[in-house]
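It should be emphasised that the depicted structure is a prediction, and the values quoted were computed from it without experimental measurement.
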Protein chains: 2
Amino acid sequence: MTETLPPPSFRPLYEQIKILITQSLVAGEWKPGEAIPSEVELAARFRVSQGTVRKAIDELASEHILVRRQGKGTYVASHSEPSYQYRFLRVMPDSGEKLHPHSVLVDVRKGRASAEIARALAIKAASPVHVILRVLEFRGRPLILDEMVLAASRFPGLTVPKLEEYKGSMYSFYEAVYGLRMIRAEERIRAVAADAGAAAHLRVVPGTPLLCVDRIAFTYGDMPVEWRRGLCVTDGFSYFNELA
Amino acid sequence: MTETLPPPSFRPLYEQIKILITQSLVAGEWKPGEAIPSEVELAARFRVSQGTVRKAIDELASEHILVRRQGKGTYVASHSEPSYQYRFLRVMPDSGEKLHPHSVLVDVRKGRASAEIARALAIKAASPVHVILRVLEFRGRPLILDEMVLAASRFPGLTVPKLEEYKGSMYSFYEAVYGLRMIRAEERIRAVAADAGAAAHLRVVPGTPLLCVDRIAFTYGDMPVEWRRGLCVTDGFSYFNELA
DNA sequence: GAGTGGTCTAGACCACCCC
DNA sequence: GGGTGGTCTAGACCACTCT
């Protein structure tokens with residue numbers, strides 16, 4: 001889906017400003033949740049007009065990388081903020097009720113990347129990885145069985161106790177502990193029959209149709225960080241998507 | 001998902017321009033595929049600066065309602081154009097190959113709206129509707145069994161021969177024949193087991209897990225026009241979604 | 001070359017937030 | 001009241017398309 005385009009013959013100034021701002025974000029000059037300098041300050045710093053900075057920030061805001069707050073300033077988006085907590089979770093109760101799931105760790109172990117996962121994470125096949133299994137529960141009912149795979153090199157010293165502290169959201173964990181902010185993800189969804197293991201974790205009978213959601217999540221610069229497979233019960237719940 | 005907000009205390013000019021442009025689109029002043037007047041013309045017509053018209057058009061373009069073409073003009077987006085033909089079809093071969101499905105009509109009949117469908121289409125329960133059944137094939141292999149429900153009042157004189165002409169895309173049909181351009185849709189996805197009927201049409205064994213994709217599609221002003229349920233085989237195919 | 005959208009600037013003023 | 005983002009304007013110049 002992501003394509004490498006031919007070198008553009010022309011490079012608008014505001015795109016270069018976007019790149020400079022992104023570089024400061026990658027370098028950690030401004031951390032998630034913090035305010036970046038005001039538009040006038042940035043305009044002075046980059047020696048361009050405020051309008052040009054505005055256009056750059058507008059685009060970064062539309063990509064959910066920055067957040068504008070009128071009268072206050074412009075902030076670095078963060079998965080730790082309530083409104084961003086479940087930004088990538090598209091499964092919802094059919095009732096329309098808000099979903100506030102509870103995460104239960106099942107297993108954390110070390111392993112080696114399969115060919116498929118190595119390709120997805122842009123690492124060498126058989127590289128060491130962390131594999132995390134967990135169940136998302138809603139009102140005490142198991143809803144999603146997630147398997148997450150992370151390159152060990154990016155997540156040194158990942159341990160169960162550390163993970164337990166952040167049971168709410170994986171991405172606020174990556175962000176707070178490893179400085180990796182996830183900005184977008186690709187999902188591929190299929191229908192599968194529950195095998196014995198999944199059925200046990202999700203408390204359904206084997207063979208029950210489940211959604212199988214494969215996800216690759218990316219940080220700044222389209223660097224893949226996480227491969228994930230979620231098996232999801234859709235009795236009373238569904239995956240919501242808006243086509244625009 | 002769509003909420004009615006409290007009356008805004010303040011109404012930017014460019015939003016009013018957006019509304020005026022949208023009204024011209026609804027009224028059919030500019031038809032799908034045609035060019036709208038240039039920015040300077042619109043600025044003169046609405047007595048605002050070109051910059052304000054630009055901002056209005058920018059937003060309409062980001063909503064895929066208009067399409068800008070540098071050096072040529074701004075056009076009304078149309079499902080008849082190749083790049084928009086399958087804009088709302090998210091099912092793709094895992095191979096990465098481009099999907100060019102072929103539509104086969106199964107049945108077209110009249111019926112009455114169930115409570116659920118009446119709610120979705122914002123019509124009275126038991127209102128007369130058209131029900132269309134069709135199969136989407138890919139390389140001769142049945143992939144999706146679609147059931148579409150339309151308010152009869154919006155689609156007078158809908159007949160099989162008329163439909164046959166447009167087997168490629170339903171939405172270019174709605175657009176060309178009824179002047180209804182679909183601009184967005186909401187989908188809810190679940191996993192289900194194929195029943196006997198679906199299994200026969202999709203040539204799978206009954207019980208095979210399928211994606212069940214319920215869709216409501218909207219035209220200008222968030223007016224619901226079509227209710228659709230698609231049953232989809234996901235062997236070699238998956239539903240692709242980008243989370244941004 | 002004429003016409004279109006696209007970029008960039010500079011400045012004025014407005015709405016919102018907080019001290 | 002002072003700072004922030006948000007709107008609106010006017011004008012210059014650039015890139016692209018077609019004739």
Side-chain angles (χ1 to χ4, degrees), chain A residues 5-21 24-25 29-30 33-78 81-83, chain B residues 5-22 24-25 29-30 33-78 81 83:
Chain A
L5 297 170
S9 50
F10 169 69
R11 204 38 101 167
L13 242 187
Y14 72 84
E15 281 189 10
Q16 303 178 42
I17 305 297
K18 271 184 72 171
I19 293 171
L20 291 173
I21 293 175
S24 290
L25 290 169
E29 180 175 346
W30 314 304
E34 291 180 7
I36 71 170
S38 73
E39 294 178 354
V40 283
E41 281 179 84
L42 290 174
R45 166 161 162 184
F46 298 133
R47 312 295 198 84
V48 297
S49 77
Q50 185 183 350
T52 300
V53 170
R54 260 194 93 65
K55 176 131 185 167
I57 292 179
D58 276 347
E59 295 210 347
L60 291 168
S62 77
E63 295 164 31
H64 302 107
I65 290 172
L66 298 176
V67 180
R68 293 176 164 290
R69 288 186 198 139
Q70 178 166 165
K72 300 185 69 177
T74 302
Y75 295 76
V76 184
S78 166
E81 284 160 52
S83 54
Chain B
L5 297 170
S9 50
F10 169 70
R11 193 61 87 154
L13 241 188
Y14 71 85
E15 281 190 11
Q16 303 179 43
I17 305 297
K18 271 183 73 172
I19 293 172
L20 291 173
I21 293 176
T22 303
S24 290
L25 290 169
E29 181 175 346
W30 313 305
E34 291 179 4
I36 70 170
S38 73
E39 294 179 354
V40 283
E41 280 179 86
L42 289 174
R45 165 161 162 184
F46 298 133
R47 311 294 197 83
V48 297
S49 77
Q50 185 182 351
T52 300
V53 170
R54 261 194 93 64
K55 175 132 185 167
I57 292 179
D58 276 346
E59 296 210 346
L60 291 168
S62 78
E63 295 164 30
H64 302 106
I65 291 172
L66 297 176
V67 180
R68 320 192 78 136
R69 289 187 195 135
Q70 177 165 167
K72 300 184 68 175
T74 302
Y75 295 76
V76 184
S78 165
E81 283 160 53
S83 54

Next item on the list: Measure the CG-OG distance between Leu13(B) and Ser49(B) for me, rounded to the nearest 0.5 Å.
Entry: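 Result: 8.5 Å between the selected atoms.
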Checklist line | From CD1 (Ile36(B)) to CH2 (Trp30(B)), nearest 0.5 Å | finding: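 So the gap between those two atoms works out to 5.5 Å.
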Notebook entry, point to check: Atom CD1 of Ile36(B) and atom C1' of dT4(C): how far apart are they, to the nearest Å?
Noted result: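 Taking CD1 of Ile36(B) and C1' of dT4(C), I get 12 Å after rounding.
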Note to self: Report for the helix from dG1(C)-dC18(D) to dC18(C)-dG1(D): angle between first-end and last-end helix axes, five pairs each, rounded to 10 degrees.
What the structure shows: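 Taking five pairs per end, the axes differ by 10°.
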Margin query: By nearest heavy atom, map Val53(A) and Gly71(A) onto DNA chain C; which one lands nearer the 5' end?
Written below: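 Closer to the 5' end of DNA chain C: Val53(A).
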Check: Taking the side chain from Gln16(B) and the backbone from Arg11(B), do they hold a donor-acceptor pair closer than 3.5 Å?
Finding: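 Indeed, once roles are kept as given, a pair shorter than 3.5 Å links the two residues.
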Note to self: What's Gln70(A) touching, base or sugar-phosphate or nothing? Going by heavy atoms closer than 4.0 Å.
What the structure shows: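 Touches a base.
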Check: Hey, does Leu25(B) have a side-chain heavy atom less than 4.5 Å from the side chain of Ile65(B)?
Finding: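 In short, these two side chains touch, coming nearer than 4.5 Å.
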Next item on the list: With sequence neighbours excluded, tell me which residues meet side chain to side chain contact (heavy atoms under 4.5 Å, CB included) with Lys18(B).
Entry: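 Scan of Lys18(B) (side chain to side chain contact (heavy atoms under 4.5 Å, CB included), adjacent residues dropped) gives Ala56(B), Glu59(B), Leu60(B), Glu63(B).
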Margin query: Taking the basic N atoms (NZ, or NE/NH1/NH2) and the acidic carboxylate oxygens, is any pair closer than 4.0 Å for Arg45(B) and Glu39(B)?
Written below: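 Salt bridge: no.
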Item checked: Salt-bridge contact Glu15(A)-Lys55(A) (side-chain N to carboxylate O under 4.0 Å) ->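 Between Lys55(A) and Glu15(A) there is no salt bridge, as every charged N stays at least 4.0 Å from the carboxylate O atoms.
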Item checked: Boundaries of the chain A footprint along DNA chain D (any atom under 4.0 Å from a heavy atom) ->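 The footprint of chain A covers dG3(D) to dC16(D).
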Note to self: Please evaluate residues Arg69(B) and Glu81(B) with respect to the criterion salt bridge (charged side-chain N to carboxylate O under 4.0 Å, His left out), reporting the C-alpha separation (whole Å), side-chain torsions for both, the decisive distance (0.1 Å), and the verdict.
What the structure shows: CA-CA 14 Å; Arg69(B) 289 187 195 135; Glu81(B) 283 160 53; 2.9 Å; yes
